[in-house]
Amino acid sequence: MAAERRRRAGCGLSGLLLRVREEGKDSIPEHPYLYETDVEISLVSGSCKSPIESFWNGSSAMYILQKATHNEESDSMEESRTDDAVYAPELLPKASPGPLALSVGRAKQLISLYTMVQNPNMTYLGKSDLAVLPLLWVRCDGSDPQHTCWIGAEPLKAGNKVTGVNIYMVSCDGPTADKTRFANLEELKKEHKIRHHSSVVTTKGFARYELIAAAAIEDTTAESESNIYVDITWNGVEKILETPPLVSAATLNIVLESGDPRSPVFQLYRELQFLLALAEGLKTGVTEWPEPSESESALKLVQEFLTDLKKKLDGDCISGNKSEREKIKCDTAAVDSCIKSIFGEREDLDFTEQLWCKMKGVSSYQELIDCFTLVIKSLELGEIQPWIHQGSSSFLSQLIQQSYHGKMEDVPLSDITPIQMLLEIGLEKMKKDYVSFFIGQELATVTYLDYFISTSVDLQEQVHRVQKLHHMLEIIVSCIGLLQFRHENLFPLTQICMQYYKENPLNEKHVFQMPIRPALVKKFYQNDNPEIWKVEISSGHGQKEVKTTWQVSTNAPVEHGTANNSGLFSDSTVNGSSEERLYFITTTQCSQVQFT
C-alpha cells in the first residue's frame with residue numbers, strides 16, 4: 001500500500017513538473033501551481049531573479065517548491081499523507097506577504113519523489129521515455145539541527161539520459177560577528193574527504209567587495225540600487241576570509257541609476273528630463289512644464305538673446321567679444337564645475353542650441369508660443385541672420401535657412417507644433433553634447449556613435465537613444481570620479497556599454513560587467529570586509545565531481561523564514577559590540593545518487 005501511494009505521488013509530481021515546464025517555454029506562468037494540498041511549484045528561468053543566487057551560480061531554468069500560501073496545516077499534518085491525496089495542478093492566485101517554507105521532512109519527501117521519477121530504472125512508473133527535468137529546489141524552514149534552508153536536486157546527464165542526481169543540502173546560521181563560529185578550512189577539507197572518500201581536494205575562493213556603497217552614490221531621499229562592486233576568484237585558498245591574491249581573476253560590476261543630485265552631470269540629467277517631458281507631451285498631449293524660474297523667465301532670456309544678435313548684426317557689438325562668449329558658455333553649460341575638466345564645455349553652440357539653453361526653462365505652453373513668436377518675427381524681418389550647424393535638420397533650422405533667402409513659410413504656432421520645434425532643437429543640442437564627450441575623451445568614434453544619434457528613426461526613438469547615451473555618460477563619469485579610472489579602462493567599459501545598448505532597451509538596473517586586474521581597485525577594498533566570501537572544496541572529475549561550499553555574506557541567503565527558526569537570524573555581536581560586521585554563514589553539502 002505504501003509503495004502504491006509513493007508511485008501515485010511520484011507520477012503526480014512528474015506530470016505536474018512536465019506541465020509546468022511545457023507551459024513555461026514561451027513565458028513564465030504568472031502564478032504558481034498547486035501540488036497535492038500544501039506545495040506551490042514555480043518555474044524560474046535564467047532571465048528572472050533567482051531566489052538562490054546568493055549561493056548558486058547556475059543560470060538555467062529551475063523549479064522552486066515552497067509551502068502553499070493558503071495552507072496552514074501543522075508540520076505533523078504535512079508528514080502524514082493519506083491514500084486519498086489530491087493532485088490539483090491548478091494555478092493559485094499569488095497574494096502572499098512572502099515565500100513560505102516547508103518542513104525539512106516534507107522537503108526530503110519531495111526530493112525523494114523527484115529523484116525516483118528521474119531514475120530510468122523505475123520501469124514500474126509506467127514511463128518508457130523519461131524526460132530530463134530542470135533542477136529543483138525546495139524551501140526549508142530550518143527546523144532541523146543543521147538549520148537546513150534549502151534542499152536541491154540536479155540531474156546528472158549523459159546525452160539525453162539521466163545517469164544520477166546531485167542532492168544539495170544548504171544550511172544557514174547567523175547573523176554573527178563572532179569569528180569563533182566560523183569554520184576552519186582544514187577541518188572543512190577533512191570532513192569533505194571523509195564524506196566523499198577522497199584523498200585529494202582542490203579549493204577555489206570567491207570574494208565580493210563593494211567599492212562604492214550605494215549610500216555613497218545614491219540620492220538618500222529616494223530608494224536606489226546603484227552600486228559598484230568587484231567579484232574576485234582564485235585557486236588555492238589557504239585560510240578562511242583571506243584577502244584575494246593579486247593574481248586572481250576579477251570582474252567589475254556596475255549598476256547605476258541616473259539622477260543623483262550629487263552627480264557632476266546632474267544638470268545635464270535635468271536637461272534630459274525636460275526633453276523627456278516634451279517627448280511625453282508630444283505623445284500624450286499633456287506636457288509637464290518646469291516651475292517658473294525665480295530669476296529671469298525664459299521669455300526674457302530669449303528677448304535679451306535676440307537683442308544681442310541684432311546689435312551684432314548692426315555692428316554695435318564685436319561678435320568675437322570674449323566676455324560675451326564667456327557669458328554664453330556660462331548660460332549654456334550643461335554641467336557643473338566639478339566635471340568641467342572631464343565634460344568639456346562646447347564652444348561651437350549654434351543659434352538653435354543657444355536658443356534651447358534659453359528656452360529649456362519655459363514654464364507654460366503660452367510662454368513657449370511667445371518665445372517662438374519673437375524668434376520667427378526677428379527672422380522674417382531680417383533682424384538676425386543666425387549661424388547653424390551644417391546638417392541640422394530641425395524645423396527651426398529649415399526656417400533659418402529659408403530666412404537667408406528672404407522668404408519663409410508661414411508657421412502656425414498651435415497644437416503640438418511649438419512643442420515639437422523645441423523638442424527637435426533640444427534633441428540636436430544634447431546629441432552633440434554626448435558626442436562631444438565620447439569623442440573628446442577618445443572613447444568612441446562618430447561611426448560607432450551613429451546608432452545613438454541617427455535621425456532615420458522617429459523622434460520618440462531618438463529620445464530613447466539619447467537616454468541611453470546619458471546612462472552611459474553617468475557610468476563613465478562615476479568611474480572617472482569615484483574610481484579614478486583612466487582611458488585604458490574607460491575605453492573597454494564604453495564599448496561594453498555601447499554594445500549592450502545597441503541591442504537592448506534602456507535598463508538602469510542592468511549590471512554592466514568588465515574583467516579587470518585586482519590591483520586596479522585594491523586600494524578600495526584591501527582594508528575592508530567583503531560582502532561575500534566563499535570557499536569551494538571539490539574532489540572527483542566530470543560527473544563524479546562533488547563540492548562542499550562554505551560562505552559568509554552580509555545579506556541573508558534566504559528570503560523565507562518561519563516561527564520555528566526565529567532565532568536563526570537573530571542579531572548577535574561580540575561582547576555586545578556592534579562594530580564588527582555581521583555575517584550570515586551558509587554551508588552547501590553535496591551527495592550523489594547514481595542510477596547506473
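Considering only residues two or more places apart in sequence or on other chains, E191 meets the salt bridge (charged side-chain N to carboxylate O under 4.0 Å, His left out) condition with none of them. Under the rule for a salt bridge (charged side-chain N to carboxylate O under 4.0 Å, His left out), the partners of E22 that lie at least two apart in sequence or sit in another chain are K25. For the side-chain hydrogen bond (donor to acceptor under 3.5 Å, both in side chains) test, residues two or more places apart in sequence or in another chain that qualify with S538 are T202. The salt bridge (charged side-chain N to carboxylate O under 4.0 Å, His left out) test applied to K534 returns no partner, not counting sequence neighbours. Partners of Y525 under the ring pair (Phe, Tyr, Trp, His ring centres under 6.0 Å) rule, at least two apart in sequence or in another chain, are Y209. Here S54 pairs with P557 under the side chain to side chain contact (heavy atoms under 4.5 Å, CB included) rule; sequence neighbours left out. The side-chain hydrogen bond (donor to acceptor under 3.5 Å, both in side chains) search around Q594 returns Q592, not counting sequence neighbours. Scanning for salt bridge (charged side-chain N to carboxylate O under 4.0 Å, His left out) contacts around E461 gives R465, with sequence neighbours left out. Residues meeting the ring pair (Phe, Tyr, Trp, His ring centres under 6.0 Å) test with Y501, sequence neighbours left out: H471, F512. Shown here are the side-chain hydrogen bond (donor to acceptor under 3.5 Å, both in side chains) partners of K468, two or more places apart in sequence or in another chain: Y451. Remark: E503 engages Q499 in a side-chain hydrogen bond (donor to acceptor under 3.5 Å, both in side chains) (not counting sequence neighbours).
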Which atom pairs, donor and acceptor, lie under 3.5 Å between side-chain atoms of residues 539-550 and protein residues at least two apart or in another chain?
from: S539; atom 1: OG; to: H192; atom 2: NE2; distance (Å): 2.8
from: Q543; atom 1: OE1; to: T163; atom 2: OG1; distance (Å): 2.9
from: Q543; atom 1: NE2; to: K157; atom 2: O; distance (Å): 2.0
from: T548; atom 1: OG1; to: H192; atom 2: ND1; distance (Å): 2.8
from: T548; atom 1: OG1; to: R195; atom 2: NH1; distance (Å): 3.3

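Without hydrogens or angle criteria, S226 side chain to E257 main chain gives a donor-acceptor distance under 3.5 Å. Although no hydrogens or angles enter the test, the distance criterion places a donor-acceptor pair under 3.5 Å between the side chain of S50 and the main chain of I52. Remark: side-chain polar atoms of E210 are not paired, donor with acceptor, to backbone N or O of E531 under 3.5 angstrom. Formation of a donor-acceptor pair under 3.5 Å by the N504 side chain with backbone atoms of Y500 is found in this model.
Between the side chains of D141 and S143, at least one donor N or O sits under 3.5 Å from an acceptor N or O.
Between V255 and E508, the closest heavy-atom pair is CG2-O, 3.7 Å.
Here L136 contributes atom CG and M62 contributes atom CE; the two are 10.5 Å apart, rounded to the nearest 0.5 Å.
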| request: Begin with the C-alpha distance, continue with both residues' side-chain angles, and end with the deciding distance and a verdict on side chain to side chain contact (heavy atoms under 4.5 Å, CB included) for I64 and R139. | output: CA-CA 8 Å; I64 300 295; R139 295 185 190 271; 4.2 Å; yes
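The number of heavy-atom neighbours closer than 6.0 Å to CD of E238, taken from other residues, nucleotides and ligands shown, is 12 or below.
A side-chain contact (heavy atoms from CB on, under 4.5 Å) with F206 is found for exactly one of I232, I532, V237, namely I532.
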